[in-house]
Amino acid sequence: MSADFVFGIHAVSALFERAPEDVLELFILKDKDDQRLQPLLKFARDFGVSVQYCNRRALDEKVNGAQHQGVVAKARAQQSGNEQDLARIVSEQSSPFILILDGITDPHNLGAILRSADAAGVHAVVAAKDRSVKVTPVVRKVACGAAEVVPFITVTNLARTIRELKDAGIWVVGAAGETETTIYQTKLNGPLAIAMGAEGDGLRRLTRELCDSLMKIPMFGSVSSLNVSVATGICLFEAVRQRQ
């Protein structure tokens, strides 16, 4: 069984709250006096999770020097869903709301995107197996629990998956700076998939061509583009506004 080290008070708390059965062991910084640790220790007692008190060097080594706030949990590695899982999710929703990620490689961006997707009520996040970041411990920390609840689907062929979503009656809209149509002029209600491309490169040509329509976020300042996680949040919540 593969395992991850999930770290940070918020990420470990969310893991206990949402998937306590996945927590295998809890490591706490020795002599750390922080009231925020008390709920974690109670969770560990309630679910029979072993607690070890470690020095800072031992914790740093577990997370490769990342900022762990004195709390690290050994947890079952996050398992991605597949094409069959996506088909089931789509079939269970009267108005599916899907997010497609084309070439997102930064774990901080993916973590922030998953957090926004959870807040917006997205039913599944879809990415290609290759040339895309997976759900790593860094992603789980940044996502603050969203990685445990938002289905993350990795597919072998993103273009084929987009075609299958369209065949299922889902309208696919891609974010692309070259279009003249803004997100406020774009239909974003009903069965919907929003496709976001990698920062800098944007959507790949085939992905862009498969979209039913393209939209852009209007920009009024001197900056020509937004961070992809920020742009994703803006697009998702314009869809939320329209879907309500």
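What's counted below: heavy atoms across the whole structure, side chains too, no hydrogens, waters or symmetry copies. Along the sequence shown, residues carry numbers from 1.
- Within the hydrophobic cluster formed by Ile, Leu, Val, Met, Phe, Trp and Tyr side chains joined at under 4.5 Å, directly or through other members, Phe220 stands alone, with no partner residue.
- The cluster map of Ile, Leu, Val, Met, Phe, Trp and Tyr, joined by side-chain heavy atoms under 4.5 Å apart, puts Phe97 and Val126 in different clusters.
- For the pair Thr207 (side chain) and Leu203 (backbone), a donor-acceptor distance under 3.5 Å is absent.
- The side-chain heavy atoms of Val51 and Glu25, taken from C-beta on, include no pair separated by under 4.5 Å.
- How far CG of Asp102 is from OG of Ser132: 7.0 Å, rounded to the nearest 0.5 Å.
- Looking at heavy atoms from C-beta onward, Asn55 lies out of side-chain contact with Leu29 at the 4.5 angstrom threshold.
- The environment of His123 atom NE2 is dense: over 12 non-hydrogen atoms of other residues, nucleotides or ligands sit within 6.0 angstrom.
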Report task. Could you walk me through whether Ile217 and Cys235 pass side-chain contact (heavy atoms from CB on, under 4.5 Å), step by step? Result -> CA-CA 8 Å; Ile217 298 170; Cys235 293; 4.0 Å; yes
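- Between Leu40 and Leu26, the shortest heavy-atom contact is O-CD2, 4.1 Å.
- Between the side chain of Gln185 and the main chain of Thr182, a donor-acceptor pair closer than 3.5 Å is present.
- Val155 and Val133 fall into different hydrophobic clusters, where Ile, Leu, Val, Met, Phe, Trp and Tyr side chains are chained together by heavy-atom contacts under 4.5 Å.
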**Report entry** Worked check of side-chain contact (heavy atoms from CB on, under 4.5 Å) between Val138 and Phe7
**Finding:** CA-CA 8 Å; Val138 171; Phe7 51 90; 4.2 Å; yes
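- Looking at Arg76 and Glu21, no side-chain N of the basic residue comes within less than 4.0 Å of a carboxylate O on the acidic one, giving no salt bridge.
- Within the 4.5 Å cutoff, the side chain of Leu114 has heavy atoms near those of the Phe152 side chain.
- Between the side chain of Lys134 and the backbone N or O of Thr154, no donor-acceptor pair lies under 3.5 Å.
- Using a 4.5 Å heavy-atom threshold, the side chains of Phe43 and Val23 count as separate.
- For Gly103 against Ala198, the heavy-atom pair with the smallest separation is O-CB, 3.1 Å.
- When all heavy atoms of Ala159 and Leu206 are compared, the pair lying nearest together is CB-CD2, 3.6 Å.
- Residues Val125 and Ile89 are members of separate hydrophobic clusters, defined by side-chain heavy-atom contacts under 4.5 angstrom among Ile, Leu, Val, Met, Phe, Trp and Tyr.
- Contact check for Arg208 versus Leu214: side-chain heavy atoms found under the 4.5 Å cut-off.
- Val173 and Met196 fall within the same hydrophobic cluster, defined by Ile, Leu, Val, Met, Phe, Trp and Tyr side-chain heavy atoms under 4.5 Å apart, directly or through other members.
- The environment of NZ in Lys129 is crowded: more than 12 heavy-atom neighbours from other residues, nucleotides or ligands sit within 6.0 Å.
- Residues Val63 and His68 share a closest heavy-atom pair of CG2-CD2, 3.7 Å.
- By the 4.5 Å heavy-atom criterion applied to side chains, Glu238 and Ile234 are not counted as neighbours.
- Arg243 places a side-chain N or O within 3.5 Å of a backbone atom of Ser95 that can act as its donor or acceptor partner.
- The pair Asp167-Arg163 does not count as a salt bridge, with every side-chain nitrogen at least 4.0 angstrom from each carboxylate oxygen.
- The backbone N or O of Ala143 sits nowhere less than 3.5 Å from a side-chain atom of Lys141 that would complete a donor-acceptor pair.
- One hydrophobic cluster holds both Trp171 and Leu236 under the rule that ILVMFWY side chains link at heavy-atom gaps under 4.5 Å.
- One finds the CD atom of Glu61 at 5.5 Å from the CZ atom of Arg57 (value rounded to the nearest 0.5 Å).
- Atoms CZ and CG, on Arg36 and Leu41 in that order, are 13.0 Å from each other to the nearest 0.5 Å.
- With respect to Asp22 and Lys74, no salt bridge is recorded, no charged nitrogen being found less than 4.0 Å from a carboxylate O.
- Looking at residues two or more places apart in sequence or on another chain, you find a side-chain contact (heavy atoms from CB on, under 4.5 Å) between Asp85 and Asn82, Arg88, Ile153.
- Around OH of Tyr184, the count of heavy atoms belonging to other residues, nucleotides or ligands within 6.0 Å does not exceed 12.
- Side-chain atoms of Ile100 and Leu158, non-hydrogen and from C-beta on, do get closer than 4.5 Å to each other.
- Remark: Lys62 is positioned above the aromatic ring of Phe27, its terminal NZ or CZ atom under 6.0 angstrom from the ring centre and at most 45 degrees off the axis.
- In summary, Glu148 and Arg140 engage in a salt bridge, as defined by a charged side-chain N under 4.0 Å from a carboxylate O.
- The distance from the NZ atom of Lys187 to the OG atom of Ser213 is 8.5 Å, given to the nearest 0.5 Å.
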Requested in this report: Evaluate side-chain contact (heavy atoms from CB on, under 4.5 Å) for Val6 paired with Val72, printing each intermediate quantity in order.
Outcome: CA-CA 6 Å; Val6 178; Val72 178; over 6 Å; no
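- In this structure, Gln242 contributes its side chain and Thr186 its backbone to a donor-acceptor pair below 3.5 Å.
- Here the shortest heavy-atom pairing between Ala14 and Gly145 reads CB-CA, 3.2 Å.
- Taking both residues in full, the closest heavy atoms of Thr156 and Arg160 are given as CB-NH2, 4.2 Å, listed atom of the first, atom of the second, then distance.
- Looking at Thr179, its side chain never comes within 3.5 Å of a backbone N or O of Lys216 through a donor-acceptor pair.
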Report task. Check the pair Asn189 / Gln244 against side-chain contact (heavy atoms from CB on, under 4.5 Å), numbers first and verdict last. Result -> CA-CA 8 Å; Asn189 53 12; Gln244 290 181 335; over 6 Å; no
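- Interatomic distance, Gln69 CD to Leu37 CG, rounded to the nearest 0.5 Å: 9.5 Å.
- Atom CG in Asn109 sits 8.0 Å away from atom OG1 in Thr232 (nearest 0.5 Å).
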